[in-house]
Amino acid sequence: MNIIINEELRSFIDPLTPVEYAALERSLQAEGCRDALVLWRDVLIDGHNRYEICQKHGIPFRTVHNNNFATLEDVMLWVIDNNLARRSVSDFQRGMLALRKKEIVAARAAQRAAEAPPEQAPEEAGADESIDPPWSTREDVAKAARVSASTLSQIERIRKTAAPELVDAVRSGTISVSAAANVASLPADAQVAAVAGGKKELQQAARQVREQKTGTRPKKEIDTLAPEDQVKALRAEIRELKDRMATLLNENEVLKSKLTHLGAA
């Protein structure tokens with residue numbers, strides 16, 4: 001059997017931690033591979049870790065085919081929706097998946113609109129009734145990812161400007177989404193250096209960026225700007241304050257969690 005691994009599909013979900021991988025490996029060795037791997041044509045679309053471990057140890061496995069998809073993009077949307085529904089997926093990964101789905105949906109809408117008859121309304125031409133919920137605004141995407149619009153904005157910033165090492169640090173839980181969004185504003189080499197320095201170095205880098213941002217432009221300076229520039233400056237300050245609030249709320253939740261664990265101990 002020729003099973004094809006599509007790396008983009010595989011990247012849609014965070015890799016298992018070493019502890020999780022070892023536990024799955026022990027389970028497969030002891031009990032065999034009870035759940036079938038899912039294929040679209042020859043492409044593996046569900047069960048990448050099980051397939052890897054089965055190949056490594058020569059463990060037999062079953063496969064089932066889901067050939068109801070017309071294109072690889074259909075498969076991607078199916079994989080994204082499956083992972084968005086899983087409780088074990090982190091807020092960061094759900095945000096990343098939702099943003100990827102938004103890109104796919106937007107590209108499809110643009111293609112439909114370009115191929116539509118001239119007399120068809122643009123909104124009807126780009127509509128995709130198979131996509132639910134709507135994906136036209138940040139609020140729509142945030143709702144699907146089960147995160148706030150502010151958190152989604154931070155995840156989008158990380159996705160666009162973070163060095164791969166910083167993204168890995170967020171996925172592993174070394175740094176929070178809000179702190180990583182601040183670090184992502186630094187040059188790539190500074191991000192890599194902060195990650196190499198460990199958790200404390202990352203936290204310090206995030207704090208320094210946050211302090212620089214909250215040192216907002218003096219009111220007198222804003223008053224000297226043209227009206228449209230004043231609006232832009234004030235909106236930028238509002239965004240920064242929202243980011244700061246999200247950071248504080250996240251830190252508060254972390255402290256609450258630690259207190260809960262200490263109380264339980």
Report yes if some heavy atom in the side chain of [X] is under 4.5 Å from a heavy atom in the side chain of [Y]; otherwise report no.
X    : Y    : result
H57  : Q29  : yes
D91  : R146 : no
D42  : I3   : no
Y51  : L44  : yes
I158 : F92  : yes
I155 : L99  : yes
D168 : V195 : no
R50  : F61  : no

Same cluster for [X] and [Y] if Ile/Leu/Val/Met/Phe/Trp/Tyr side chains link at under 4.5 Å?
X    : Y    : answer
I104 : I45  : yes
V209 : V192 : no
V38  : L24  : no
V167 : I175 : yes
L97  : L72  : yes

Side chain of [X], backbone of [Y]: donor and acceptor closer than 3.5 Å?
X    : Y    : value
Q154 : V177 : no
N182 : A179 : no
T161 : A184 : yes

Taking atom [atom1] of [X] and atom [atom2] of [Y], what is their separation to the nearest 0.5 Å?
X    : Y    : atom1 : atom2 : value
L152 : R94  : CG    : CZ    : 11.5 Å
I4   : N6   : CD1   : CG    : 9.0 Å
L202 : Q204 : CG    : CD    : 10.5 Å
D46  : L9   : CG    : CG    : 10.5 Å
F69  : M76  : CZ    : CE    : 12.5 Å
T137 : K143 : OG1   : NZ    : 10.0 Å

Closer than 4.0 angstrom, basic N to acidic O: yes or no for [X] and [Y]?
X    : Y    : answer
E103 : R159 : yes
K160 : E156 : yes
D81  : R100 : no
K101 : E73  : no

For this session: Check whether the side chains of S150 and S153 place a donor and an acceptor atom closer than 3.5 Å, and report yes or no.
Result: no

Problem set entry | side-chain contact (heavy atoms from CB on, under 4.5 Å) against S172, all qualifying residues, sequence neighbours excluded | T174

How far apart are the closest heavy atoms of [X] and [Y], and which atoms are they?
X    : Y    : result
E25  : K56  : OE2-NZ, 3.0 Å
R41  : A70  : NH2-O, 3.8 Å
V64  : A36  : CG1-CB, 3.9 Å
L77  : R108 : CD1-NH1, 3.6 Å
P60  : C33  : O-CB, 3.7 Å
L186 : A205 : CD1-CB, 4.3 Å

For this session: Let me see the working for R10 and E52 under side-chain contact (heavy atoms from CB on, under 4.5 Å), right down to the final yes or no.
Result: CA-CA 12 Å; R10 188 172 188 170; E52 181 179 290; 2.5 Å; yes

For this session: Evaluate side chain to side chain donor-acceptor pair (under 3.5 Å) for E115 paired with Q111, printing each intermediate quantity in order.
Result: CA-CA 6 Å; E115 296 172 352; Q111 183 176 359; 3.2 Å; yes

Seminar exercise, completed: Sequence neighbours excluded, the answer for salt bridge (Lys or Arg N to Asp or Glu O under 4.0 Å) partners of E31 is R34

For this session: Give the intermediate values and the outcome of side-chain contact (heavy atoms from CB on, under 4.5 Å) for residues N68 and W78.
Result: CA-CA 11 Å; N68 296 321; W78 179 83; over 6 Å; no

